[in-house]
Amino acid sequence: MRGFYSRKIHSLLGVIPLGAFFLEHMLTNFAAVEGGASGFTDSVLFLNSLPLVFFLELFGIWLPLLYHGVYGLYIAYQSKPNLNRFNLERNWRYTLQRITGVVTFIFIVWHVFETRFQVTLGNVEHEELGGLMHNIVTQPLLLSFYVIGIVAASFHFANGLWSFLISWGITVGPRSQRVSSVICLGLFVVVTFMFLLSLVTFRDSEFQNTVALAQSLKNLI
Amino acid sequence: MAETAAAPKNVKFIITRQDEPQSSSYTEEFDLPYRPGMNVISALMEIQRNPVNAKGDNTVPVCWDSNCLEEVCGACSMVINGKPRQACAALIDNLEQPVRIEPMKTFPVVRDLVIDRTRMFNALKRVKAWIPIDGTYDLGPGPRMPEKKRQWAYELSKCMTCGVCLEACPNVNEKTNFIGPAALSQVRLFNAHPTGEMNADDRLDAVMEDGGIDGCGNSQNCVAACPKGIPLTTSIAEINKQSTKHMFKRWLGV
Ligand code: SF4
Ligand code: FES
């Protein structure tokens with residue numbers, strides 16, 4: 001019984017609110033592509049001007065993330081992959097779901113420490129986040145780390161949505177599961193593309209204006 | 001005609017053996033004369049008749065389980081060339097050589113290729129995979145089943161509790177207590193039956209216990225591995241649907 005509910009909650013939180021926030025994050029980043037540095041700053045400021053933003057973050061992001069992440073690590077630990085015996089597409093996705101889950105977990109911890117946590121510490125202002133990102137993605141090593149993190153998170157999100165639809169009994173027959181596979185895989189491609197596009201945009205020198213600040217921060221840590 | 005007079009072919013077998021439930025396993029090789037139409041069971045019978053390994057040493061015959069010899073009882077399930085399947089239906093002509101045979105280690109190994117599938121029968125008991133009709137008086141005929149439903153339900157009833165789907169599942173292992181796909185599919189079967197339906201909630205309560213439906217991780221190996229072609233992933237998704245509905249009903253008290 002406990003297993004049933006904890007697994008159901010894990011599955012639900014992955015989509016609402018975490019999946020929803022993931023898409024929201026994608027759109028905020030994409031503001032950098034569409035509106036440049038000022039567009040990005042505007043949408044960051046807009047988000048942070050939402051009422052009760054502290055509680056929104058707490059119940060919409062931090063606690064769900066903690067639960068989904070920690071319980072997810074346990075699920076990954078419990079699995080005994082057998083791709084060597086069953087080299088099948090669905091089994092690949094099953095295995096990748098667990099691998100990308102762990103990768104995403106590590107990536108998010110690092111990413112949150114580097115950005116959101118620095119805001120909490122008072123080292124960075126919201127307006128300087130664009131510059132901070134510029135500073136990160138102009139370093140090849142960190143850029144590749146971000147690319148890996150983005151691809152992993154996008155896959156985990158899209159494929160997780162596919163298995164969410166099964167776990168809640170929404171897609172039952174083989175046909176509906178095939179159709180949802182195609183849709184979710186398409187979603188994976190689109191989401192990855194949009195995130196990567198924003199990432200590349202952050203390399204643009206117009207984000208550099210606050211780089212000096214970010215640089216001094218780098219020296220601090 | 002010249003071909004038939006050619007020197008007899010040999011077939012090489014590499015068999016994973018284990019003397020006792022607790023002892024460690026080892027492999028032993030056998031070279032057996034090829035016979036047309038031979039399968040893994042007839043090869044094991046040949047070893048039993050003449051227990052000499054590839055080195056020419058006398059050895060203890062390999063133990064295995066089998067019964068129907070026509071792929072309906074499930075007793076002879078083992079891992080053949082990496083795939084869990086029925087030995088009686090594994091024709092040597094269709095197998096890559098050397099033929100590697102191992103027990104299905106997801107289950108406790110009793111000896112050599114003999115495994116103990118008790119956990120599967122316990123799972124069937126746990127989910128109440130039957131229709132209770134016993135009573136003190138004749139209840140009369142039950143409701144009829146629509147023919148269309150009978151047709152797909154019949155497919156589910158073909159399950160022989162062979163254990164191949166558990167062996168194929170990455171979530172059935174020593175770190176979990178997942179009951180596996182077979183029993184979940186039986187819940188669907190008995191919940192679909194017009195009389196069985198009367199106890200549907202009991203079965204759903206059972207699959208919502210630890211190790212039940214939540215153990216599925218959607219690798220979908222089971223449906224690919226099942227020798228009876230049972231639509232296991234459809235059954236699991238259907239039970240997901242039924243148990244989700246059941247969960248809300250329980251909350252709302254309807
Ligand atoms: S569902 Fe198929 S693989 Fe699983 S026990 Fe039944 S017959 Fe064997
Ligand atoms: S002996 Fe019955 S399935 Fe092989």
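Quick note on labels: first sequence line is chain A, next is B, and so on, each numbered from 1. Bear in mind that the values here come from a model prediction, so they are computed numbers and not experimental data.
B:Val79 touches chain A through its side chain: at least one heavy atom from C-beta onward sits under 4.5 Å away, while N, CA, C and O do not. For A:Thr95, no part lies near chain B; criterion is any non-hydrogen pair under 4.5 Å. Heavy-atom distances place no part of A:Trp92 under 4.5 Å from chain B, backbone and side chain included. Interface remark: A:Glu89 contributes no atoms to any contact with chain B (heavy atom separation under 4.5 Å). Neither the backbone nor the side chain of B:Ser235 comes within contact range of chain A, judged by heavy atoms closer than 4.5 Å. Interface residue A:Ile166: backbone and side-chain heavy atoms are both found under 4.5 Å from chain B. Looking at A:Arg85, both its backbone and its side chain come within 4.5 Å of chain B, counting heavy atoms on both sides. The part of A:Arg7 that comes within reach of chain B is its side chain, from C-beta onward, which places non-hydrogen atoms under 4.5 angstrom from that chain.
Checked against a 6.0 Å centroid threshold, the rings of A:Phe202 and A:Phe40 count as neighbours. The distance between the ring centers of A:Phe107 and A:Trp110 does not fall below 6.0 angstrom.
The residues B:Arg250 and B:Asp205 are annotated as salt-bridged, a charged nitrogen and a carboxylate oxygen being separated by less than 4.0 angstrom. The existence of a salt bridge linking B:Asp112 and B:Arg17 is confirmed by a sub-4.0 Å separation between a basic side-chain nitrogen and an acidic carboxylate oxygen.
In the model, B:Asn191 has a side-chain atom that pairs as donor or acceptor with a side-chain atom of B:Gln242 under 3.5 Å. Remark: the B:Ser77 side chain and the B:Arg117 side chain contain no N/O donor-acceptor pair separated by less than 3.5 Å.
Rounding to the nearest 0.5 Å gives a distance of 11.5 Å between CE of A:Met26 and CG of A:Leu197. Residue B:Leu204 holds its CG atom at 9.5 Å from CD1 of B:Ile213, rounded to the nearest 0.5 Å. Of the inter-residue distances, the one linking A:Leu23 atom CG with A:Leu18 atom CG reads 11.5 Å to the nearest 0.5 angstrom.
Side-chain contact between B:Val164 and B:Gln86 is present, with at least one heavy-atom pair separated by less than 4.5 Å.
For the pair B:Lys125 and B:Trp130, the NZ or CZ position fails the cation-pi test of under 6.0 Å to the six-membered ring centre and within 45 degrees of the ring normal. Within the cation-pi definition used here (under 6.0 Å to the ring centroid, within 45° of the axis), B:Lys83 qualifies as a partner of A:Phe86.
B:Arg85 contributes no side-chain N or O that, together with a main-chain N or O of B:Ile80, makes up a donor-acceptor pair within less than 3.5 Å.
Applying a 4.5 Å heavy-atom cutoff, none of the residues of residues 41-76 of chain A approach chain B. Contacts from residues 165-188 of chain B to chain A, taken as heavy-atom pairs separated by less than 4.5 Å, involve B:Glu167, B:Ala168, B:Cys169, B:Pro170, B:Asn171, B:Asn173, B:Glu174, B:Lys175, B:Thr176 in sequence order.
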